Amino acid sequence: MFRNQYDTDVTTWSPAGRLFQVEYAMEAVKQGSAAIGLRSKTHIVLGCVNKANSELSSHQKKIFKVDDHIGVAIAGLTADGRVLSRYMRNECINYSFTYESPLPVGRLVVQLADKAQVCTQRSWKRPYGVGLLVAGLDESGAHLYYNCPSGNYFEYQAFAIGSRSQAAKTYLERRFESFTDASRDDLVKDALMAIRETLQGETLKSSVCTIAVVGVGEPFHILDQATVQQMIDAFEIVGEQEGPAAEPDATAGQEASAAPEQVGAAAGEGVAPMDI
């Protein structure tokens with residue numbers, strides 16, 4: 001993107017009908033570290049990549065608890081995400097105090113989208129440079145929403161945002177049909193596998209990712225590193241067991257070994273690139 005005469009103000013339209021300042025804010029989301037979310041009928045799992053600015057610093061927190069039944073994962077400007085999560089927390093507290101019941105997830109998402117939209121229509125404001133994956137559970141079931149800096153919001157079965165998120169989206173698109181009836185542990189496993197797709201060869205460890213869960217009978221909470229590492233180790237054991245089991249089939253004959261190679265080549269053609 002290059003600077004032009006129509007991007008000096010968020011309220012200035014280009015001849016093509018575009019608001020460049022809003023598009024720049026959406027670009028900031030793509031530059032942030034990856035965040036993913038997926039849901040079943042009873043649980044929602046959020047995950048994010050922990051990326052430190054340097055080896056001497058700690059990573060910034062990317063997943064926030066809003067209420068016992070709602071949490072958010074962010075990608076983009078962490079400071080903007082922190083402000084918006086605090087706004088969501090206040091809305092939940094006010095609603096609970098007034099009506100003595102938890103705030104419906106859909107209503108909170110609409111209020112958040114309205115707050116973001118105001119910043120696209122005021123010349124003295126700037127759009128929030130952060131995308132939020134809102135996970136929540138209410139009387140109507142489990143929900144996963146994506147709130148965009150433009151003020152738009154969408155509900156998803158599974159979604160990924162941030163840098164190199166296209167690889168995670170490709171994985172989720174292959175698996176999303178099984179998420180509806182998946183168990184809690186299966187959702188966490190798929191979340192970790194999707195995060196691994198965004199690392200571009202980097203080893204998946206509990207120190208480079210954060211996982212949070214909310215579901216029926218389970219308030220929103222972030223899993224500790226020891227639990228996450230145990231699940232990651234379980235993946236690697238399964239992978240090692242599946243590898244040797246495939247070797248006898250490969251040596252059965254030249255014709256038998258040729259077919260899997262052709263299938264693997266065809267499958268590789270449709271794989272999305274790692275970069276956005």
Side-chain angles (χ1 to χ4, degrees), residues 29 34-48 62-76 81-82 84-96 98-117 128 130-162 165 168-169 171-173 175-192 194-195 210-223:
V29 177
I36 64 103
L38 53 161
R39 68 179 174 92
S40 66
K41 290 180 179 179
T42 58
H43 289 81
I44 313 96
V45 175
L46 295 177
C48 69
K62 311 288 281 190
I63 295 181
F64 301 94
K65 177 179 178 179
V66 175
D67 202 348
D68 285 340
H69 67 298
I70 299 178
V72 296
I74 66 172
R82 194 170 58 246
L84 289 177
S85 65
R86 185 165 60 243
Y87 165 78
M88 297 169 69
R89 200 173 294 123
N90 289 335
E91 291 298 312
C92 286
I93 292 173
N94 293 336
Y95 187 94
S96 178
T98 304
Y99 300 102
E100 297 183 356
S101 63
L103 176 61
V105 184
R107 183 175 298 185
L108 177 61
V109 168
V110 171
Q111 292 176 348
L112 182 63
D114 290 344
K115 185 178 178 66
Q117 191 277 335
Y128 291 103
V130 65
L132 296 97
L133 290 176
V134 183
L137 188 74
D138 55 24
E139 294 179 350
S140 61
H143 300 280
L144 175 67
Y145 291 92
Y146 169 56
N147 277 76
C148 184
S150 64
N152 290 324
Y153 63 94
F154 309 91
E155 185 168 13
Y156 287 93
Q157 182 72 38
F159 198 54
I161 57 176
S165 61
K169 287 180 188 176
Y171 174 84
L172 295 173
E173 287 169 359
R175 298 273 300 166
F176 80 96
E177 292 180 352
S178 64
F179 292 163
T180 302
D181 298 319
S183 66
R184 172 190 180 275
D185 289 344
D186 288 339
L187 280 183
V188 174
K189 288 180 180 180
D190 281 317
L192 288 169
I195 290 175
T210 301
I211 300 292
V213 181
V214 60
V216 176
E218 184 175 9
F220 184 88
H221 67 287
I222 298 175
L223 300 182

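What you are looking at is a predicted structure, and each value in this text was computed from that prediction instead of being measured.
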Non-hydrogen atoms of V29 and P149 that approach each other most closely = CG2-CG, 3.7 Å
inquiry  = Could you go through I36 and S165, starting from their C-alpha distance and side-chain angles, then the distance that decides it, and tell me whether this counts as side-chain contact (heavy atoms from CB on, under 4.5 Å)?
reply    = CA-CA 8 Å; I36 64 103; S165 61; over 6 Å; no
Please tabulate, for side-chain N and O atoms in residues 133-141, each donor-acceptor pair with protein atoms closer than 3.5 Å (sequence neighbours left out).
unit_1 : atom_1 : unit_2 : atom_2 : d
D138   : OD1    : S140   : N      : 3.0
D138   : OD1    : S140   : OG     : 2.7
D138   : OD1    : G141   : N      : 3.4
D138   : OD1    : H143   : NE2    : 3.1
D138   : OD2    : V105   : N      : 3.1
S140   : OG     : H143   : NE2    : 2.7

inquiry  = When you measure from the side chain of H43 to the backbone of L38, do you find a donor-acceptor pair of N or O atoms at a distance under 3.5 Å?
reply    = no
query = From F159 CZ over to Y145 OH, what is the distance, rounded to the nearest 0.5 angstrom?
reply = 15.0 Å
ask   = Minimum heavy-atom separation for I211 to A191, with atom names?
value = CD1-CB, 4.3 Å
key: Evaluation steps, side-chain contact (heavy atoms from CB on, under 4.5 Å), between E155 and V109   = CA-CA 10 Å; E155 185 168 13; V109 168; over 6 Å; no
inquiry  = Using 0.5 Å steps for rounding, measure from the OH atom of Y99 to the CG atom of N94.
reply    = 10.5 Å
query = Has the side chain of S96 got a donor or acceptor atom that lies under 3.5 Å from a matching backbone atom of C92?
reply = no
inquiry  = Checking I222 against T210 for the side-chain contact (heavy atoms from CB on, under 4.5 Å) test, could you report, in this order, the C-alpha distance in whole Å, the side-chain angles of both residues, the deciding distance, and whether it holds?
reply    = CA-CA 7 Å; I222 298 175; T210 301; 3.5 Å; yes
key: Side-chain donor or acceptor of R39 paired with backbone N/O of Y156 under 3.5 Å   = yes
key: Sequence neighbours excluded - salt bridge (charged side-chain N to carboxylate O under 4.0 Å, His left out) pairs with any residue from residues 179-189   = K41-D181, R184-E218
task = Output the distance between atom CG (N147) and atom CG (L84), rounded to the nearest 0.5 Å.
result = 8.5 Å
Sub-4.5 Å side-chain heavy-atom contact between L103 and D67 = no
message = Looking only at the side chains, is there a donor atom on one of Y146 and N152 sitting less than 3.5 Å from an acceptor on the other?
response = no
query = Considering all heavy atoms of both residues, which atom of A113 and which atom of G151 are nearest to each other, and what is their separation?
reply = CB-O, 3.2 Å
task = State, to 0.1 Å, how close A142 and S40 come at their nearest heavy-atom pair, and which atoms those are.
result = CB-O, 3.5 Å
F179 and L187: CA distance, side-chain angles, deciding distance, side-chain contact (heavy atoms from CB on, under 4.5 Å) verdict = CA-CA 7 Å; F179 292 163; L187 280 183; 4.2 Å; yes
query = Which atom pair, heavy atoms only, marks the closest approach of A35 to A73?
reply = CB-CB, 4.2 Å
query = Any side-chain heavy atom of F220 within less than 4.5 Å of one from V66?
reply = no
inquiry  = If you compare all heavy atoms of I195 against all heavy atoms of C48, which two are closest, and at what distance to 0.1 Å?
reply    = CD1-N, 3.8 Å
ask   = Do Y95 and S101 have side chains that get closer than 4.5 Å, going by heavy atoms?
value = yes
ask   = Is a side-chain N or O of S85 found less than 3.5 angstrom from the main chain of R82, in a donor-acceptor match?
value = yes
ask   = So, S178 side chain and R175 main chain: donor-acceptor pair closer than 3.5 Å or not?
value = yes
message = Side chains of Q111 and Y87, heavy atoms from C-beta outward: is any pair under 4.5 Å?
response = yes
query = Would you say E91 and L112 make side-chain contact, with heavy atoms under 4.5 Å?
reply = no
